[in-house]
Amino acid sequence: QAQFVESGGALVQPGDSLTLSCAVSGFTLNYYAIGWFRQAPGKEREEVSCISSIDGSIDVADSLKGRFTISRDNAKSMGYLQMTDLKPEDTAVYYCNARRRGIDYWGKGTLVTVSL
């Protein structure tokens with residue numbers, strides 16, 4: 001009965017900020033690394049950011065550093081992606097991932113559209 005659900009996607013304007021959330025039930029998130037990925041139309045899925053389960057170390061894609069960051073709240077079994085200064089090229093379906101020892105859980109995605 002594991003569930004893994006993203007939320008927070010919206011239609012926004014360039015320069016806006018937005019926070020995406022990933023809610024977990026049915027398994028313990030504490031022991032999993034969390035990653036955010038995105039897939040734009042006609043493009044391959046790409047890694048946006050990830051956070052370790054062990055020490056909380058954070059990686060952000062080079063092109064997104066300074067605009068995007070990742071966080072987690074293990075007590076709430078939640079993961080977050082904070083996005084600022086959004087650009088049209090950020091338009092994509094955003095997916096949350098949890099990984100432990102090579103086993104991945106994926107959400108179904110949430111759509112972010114950045115447009116005038």
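Note that the structure is predicted; figures quoted are calculated from it, not measured.
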ask   = Can you tell me how far the CG atom of Leu11 sits from the CG atom of Asp16, to the nearest 0.5 Å?
value = 9.5 Å
message = Check the orientation of Tyr95 and Trp106. Use parallel for under 30°, tilted for 30 to 60°, and perpendicular for over 60°.
response = perpendicular
inquiry  = Using side chain to side chain contact (heavy atoms under 4.5 Å, CB included), reason through Ser21 and Met78 one step at a time and then give a plain yes or no.
reply    = CA-CA 7 Å; Ser21 300; Met78 297 284 289; 3.7 Å; yes
ask   = Hey, is Lys65 close enough to Asp62 for a salt bridge, meaning N to O under 4.0 Å?
value = yes
Heavy-atom check, side chain of Tyr80 versus side chain of Asp73, under 4.5 Å = yes
ask   = About how many Å separate CG of Leu81 and SG of Cys50, when rounded to the nearest 0.5 Å?
value = 11.5 Å
Over all atoms of both residues, closest heavy-atom pair of Arg67 and Lys87 = NE-CE, 3.7 Å
message = Quick check: closest heavy atoms across Thr19 and Gln82, and the distance to 0.1 Å?
response = OG1-CG, 3.8 Å
key: Nearest heavy atoms of Leu111 and Ala92, plus distance in Å   = CD1-O, 3.6 Å
message = Is the shortest side-chain heavy-atom distance between Val60 and Val48 below 4.5 Å?
response = no
inquiry  = Any non-hydrogen side-chain atom of Arg38 less than 4.5 Å from a side-chain atom of Leu64?
reply    = yes
query = Atom CD1 in Ile70, atom CG in Leu20: separation rounded to 0.5 Å?
reply = 10.5 Å
query = How about Phe68 and Ser49: do any of their side-chain heavy atoms sit closer than 4.5 Å?
reply = no
request  = Decide if atom CD of Glu89 counts as having more than 12 heavy atoms of other residues, nucleotides or ligands within a radius under 6.0 Å.
outcome  = yes
ask   = Would Phe37 and Tyr94 count as a close aromatic pair, with their ring centres under 6.0 Å?
value = no
task = Decide whether Phe4 and Val93 are clustered together by the hydrophobic rule: side chain heavy atoms of Ile, Leu, Val, Met, Phe, Trp, Tyr closer than 4.5 Å, transitively.
result = no
task = For Thr110 and Gly9, indicate whether the former's side chain and the latter's backbone hold a donor-acceptor pair under 3.5 Å.
result = yes
ask   = How about Arg100 and Tyr32: does a side-chain donor come under 3.5 Å of a side-chain acceptor?
value = no
remark   = Tightest non-hydrogen contact, residues Gln39 and Lys43, listed as NE2-O, 3.1 Å
task = Verify, without hydrogens or angle tests, whether Thr91 (side chain) and Val114 (backbone) share a donor-acceptor contact under 3.5 angstrom.
result = yes
request  = Check whether Ile58 and Trp36 end up in the same hydrophobic cluster, where Ile, Leu, Val, Met, Phe, Trp and Tyr are linked by side-chain heavy atoms less than 4.5 Å apart.
outcome  = yes
inquiry  = Between Asn30 and Thr28, is there a side-chain donor-acceptor contact under 3.5 Å, judged purely by atom types and distance?
reply    = no
key: Heavy-atom check, side chain of Leu86 versus side chain of Leu18, under 4.5 Å   = yes
key: Any side-chain donor near an acceptor of the partner, Arg99 and Asn97, under 3.5 Å   = no
key: Nearest heavy-atom neighbours spanning Cys96 and Cys22   = SG-SG, 2.5 Å
ask   = Below 4.5 Å, heavy atoms only, C-beta onward: do Ser25 and Ser77 meet side chain to side chain?
value = no
task = Using the salt bridge (charged side-chain N to carboxylate O under 4.0 Å, His left out) rule, take Lys108 and Glu6 through it: C-alpha gap first, then chi angles, then the decisive distance, then the call.
result = CA-CA 7 Å; Lys108 295 181 180 179; Glu6 304 96 331; over 6 Å; no
query = What heavy-atom pair brings Ile51 and Gly56 nearest, and what distance separates the two atoms?
reply = CG1-O, 3.7 Å
Arg72 (side chain) donor-acceptor with Leu29 (main chain) under 3.5 angstrom = yes
task = Kindly compute the distance separating CE (Met83) from OG1 (Thr69), expressed to the nearest 0.5 Å.
result = 12.0 Å
